[in-house]
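Report on the structure given below.
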Amino acid sequence: MGRLAPLSEEPINEENEGNNNSKKCLQSWRNWNWIRTHFSLLFNKKSNLKILLSVLGCPLFPLPVHPISPLNEVSSSAQYIIQHFRAATGCKKLEGTVKNVFTTGKVTMDVVDELGSTNGGINLEKGCFVMWQMVPDKWQIELVLGGQKVLAGSNGAIAWRHTPWLGVHAAKGPVRPLRRALQGLDPLAVSAVFCAAQYMGEKQISGINCFVLKLSADQKDLVERSDNTAEMIKHAIFGYFSQRSGLLVYLEDSYLTRIQAPGSHPTYWETTMSTKIEDYRVVDGVMIAHAGSSTALITRFGDNLKAGPAITRLEESWIIDDVAFNVPGLSLDCFIPPQELQRDCSSDDDLDWKSSLLHR
């Protein structure tokens with residue numbers, strides 16, 4: 001069975017809107033004429049809600065989380081920075097004691113149609129989400145925005161998602177954690193992934209002097225997330241850790257995909273997401289971020305775009321209402337993938353690109 005690539009910008013099939021029948025969706029994705037005529041709908045105002053949910057709703061982190069090794073001896077600058085982060089958050093006390101985490105929050109999302117201009121809040125959408133995690137690699141999220149709901153989850157072996165316009169499906173690539181969880185909500189996962197990062201020096205972000213750590217998806221993972229029509233070229237993420245507090249205060253990741261339909265010129269898609277993380281508060285002795293904001297820039301370029309690069313900016317802000325550890329009743333049964341995955345989508349290797357142009 002294929003695995004889910006990160007949530008991404010999805011083309012909108014108006015003919016199938018509101019139809020959750022996976023078989024019909026698969027037939028639609030195989031129609032190349034549909035793809036050629038509907039590319040522009042990604043940036044149509046009617047599609048704003050779906051773009052927001054696809055890009056900002058439940059994106060995944062570029063890399064899987066591996067169990068953290070004890071940092072008894074610091075052998076790199078990155079490990080020194082992560083040791084400082086672990087001390088600042090107090091997350092060490094969670095190791096071996098926390099089996100699950102429950103989080104609720106509110107989100108506000110908006111689309112800026114052109115770089116440098118705003119829509120005056122006309123398309124502002126408000127929503128909320130609920131997220132469950134079972135340490136280390138099982139998670140599920142429900143996010144409602146503007147009357148539409150998306151769900152995504154992982155049982156540790158496969159990841160999946162459900163949208164009103166595509167139904168349930170899985171896709172290629174290794175299982176990765178939710179990016180939203182690593183935005184200050186899961187300090188154990190942050191320390192696990194960034195202790196193996198590359199130290200990139202120092203930089204000031206929003207007036208805060210930070211240490212910069214970089215992680216990149218390796219070639220094997222990029223190949224697993226590619227196929228003969230969509231090639232994932234790169235996916236890297238930068239973490240900015242405050243020199244003063246030791247906390248993670250900023251995340252920035254970008255990925256580039258080369259897309260080429262048969263008989264057409266290639267188009268390149270680049271998405272950059274920048275996230276400010278703030279309002280750390282103590283929850284059961286651990287520092288957890290309770291607010292933040294993100295900006296995503298989606299850029300399309302290529303020889304077939306005669307007018308030059310097309311750029312769209314998406315914006316999100318969020319607040320966390322509640323975080324709880326070791327919630328009674330949360331079991332492995334809560335992370336079982338939907339039956340539709342085996343019945344409808346397990347044999348379609350091309351679904352992840354055709355339902356997810358940018359593999360986000």
Side-chain angles (χ1 to χ4, degrees), residues 3-11 42 48-65 103 105 107-111 125 127 129-131 133 137 139-145 148-154 159-163 166 169-186 189-190 193 215-217 221-222 225 230 232 234-239 248 250-257 269-277 289 292-299 312-318 320 352-353 355-360:
R3 292 175 177 169
L4 176 64
L7 294 184
S8 63
E9 297 73 14
E10 296 175 350
L42 266 173
N48 281 352
L49 180 59
K50 295 178 181 179
I51 298 172
L52 289 170
L53 286 171
S54 297
V55 181
L56 297 176
C58 315
L60 299 193
F61 200 71
L63 291 88
V65 173
T103 307
V107 294
T108 301
M109 299 183 184
D110 201 2
V111 174
E125 299 286 355
F129 67 90
V130 179
M131 184 169 64
Q133 292 177 266
D137 55 3
W139 51 265
Q140 188 170 157
I141 184 172
E142 292 185 34
L143 190 146
V144 177
L145 187 76
Q148 297 270 30
K149 180 171 72 173
V150 295
L151 299 94
S154 166
W160 56 272
R161 66 174 170 179
H162 177 260
T163 63
L166 284 178
H169 63 277
K172 297 178 180 178
V175 172
R176 284 156 282 159
L178 279 168
R179 189 184 190 277
R180 193 174 294 277
L182 275 79
Q183 294 171 181
L185 287 174
D186 189 344
V190 171
V193 295
L215 288 165
S216 299
D221 288 350
L222 294 176
R225 292 161 60 184
M232 178 67 72
K234 69 172 184 177
H235 195 167
I237 191 162
F238 296 84
L248 176 67
Y250 202 79
L251 275 178
E252 183 177 58
D253 64 301
S254 63
Y255 59 95
L256 178 65
T257 306
W269 295 68
E270 184 171 31
T271 297
T272 300
M273 186 179 296
S274 304
T275 300
K276 184 179 182 181
I277 303 166
S293 58
S294 294
T295 298
L297 291 179
I298 307 168
T299 305
T312 290
R313 186 171 74 212
L314 314 178
E315 297 177 348
E316 177 197 56
S317 61
W318 76 89
I320 301 302
D352 72 315
W353 122 250
S355 65
S356 177
L357 284 180
L358 292 184
H359 293 260
R360 167 159 279 301

Expected output: side-chain Arg180 to main-chain Leu185 donor-acceptor under 3.5 Å: no
Is there a side chain to side chain contact (heavy atoms under 4.5 Å, CB included) between Met273 and Tyr255? Walk through the geometry before answering. CA-CA 9 Å; Met273 186 179 296; Tyr255 59 95; over 6 Å; no
Run the ring pair (Phe, Tyr, Trp, His ring centres under 6.0 Å) test against Phe238 and tell me which residues pass, sequence neighbours left out. none
Pair Thr257-Arg225, side chain to side chain contact (heavy atoms under 4.5 Å, CB included): steps then yes or no: CA-CA 10 Å; Thr257 306; Arg225 292 161 60 184; over 6 Å; no
Mind checking the NE2-CG spacing from His235 to Leu222? Nearest 0.5 Å is all I need. 9.0 Å
With a 4.5 Å cut-off on side-chain heavy atoms, are Phe129 and Ile320 touching? yes
Counterpart residues, side-chain hydrogen bond (donor to acceptor under 3.5 Å, both in side chains), relative to Gln183 (two or more places apart): Arg179
To the nearest 0.5 Å, atom OG of Ser254 lies from atom CD of Glu270 at 5.5 Å
Is there a side-chain contact between Leu182 and Pro177 in this structure, where contact means two heavy atoms from C-beta onward sitting under 4.5 Å apart? yes
Take Arg176 and Asp221, measure what side chain to side chain contact (heavy atoms under 4.5 Å, CB included) needs, and give me the verdict at the end. CA-CA 11 Å; Arg176 284 156 282 159; Asp221 288 350; over 6 Å; no
Separation between CD1 (Ile298) and CZ (Arg313), nearest 0.5 Å, reads 12.0 Å
Flag side-chain contact, heavy atom, 4.5 Å: Leu49 against Glu125: yes
Leu56 and Pro59 have their tightest heavy-atom pair at O-CD, 3.5 Å
Side chain to side chain contact (heavy atoms under 4.5 Å, CB included) against Ala289, all qualifying residues, sequence neighbours excluded: Ile277, Tyr280
Side chains of Val193 and Leu63: does their closest heavy-atom pair fall under 4.5 Å? no
Does any donor atom in the side chain of Ser294 or Thr275 lie under 3.5 Å from an acceptor atom in the other side chain? yes
Identify, with sequence neighbours excluded, every residue that meets side-chain hydrogen bond (donor to acceptor under 3.5 Å, both in side chains) alongside Ser274. Glu252
Among all residues two or more places apart in sequence or in another chain, which pass the side chain to side chain contact (heavy atoms under 4.5 Å, CB included) test with Asp137? none
In this structure, CG of Asp186 is separated from CD of Gln133 (nearest 0.5 Å) by 5.0 Å
One should read off an interatomic distance between Cys58 SG and Gln140 CD, to the nearest 0.5 angstrom, of 10.5 Å
CZ on Phe61 to CD1 on Ile237, rounded to 0.5 Å: 4.0 Å
Any non-hydrogen side-chain atom of Ile141 less than 4.5 Å from a side-chain atom of Leu151? no
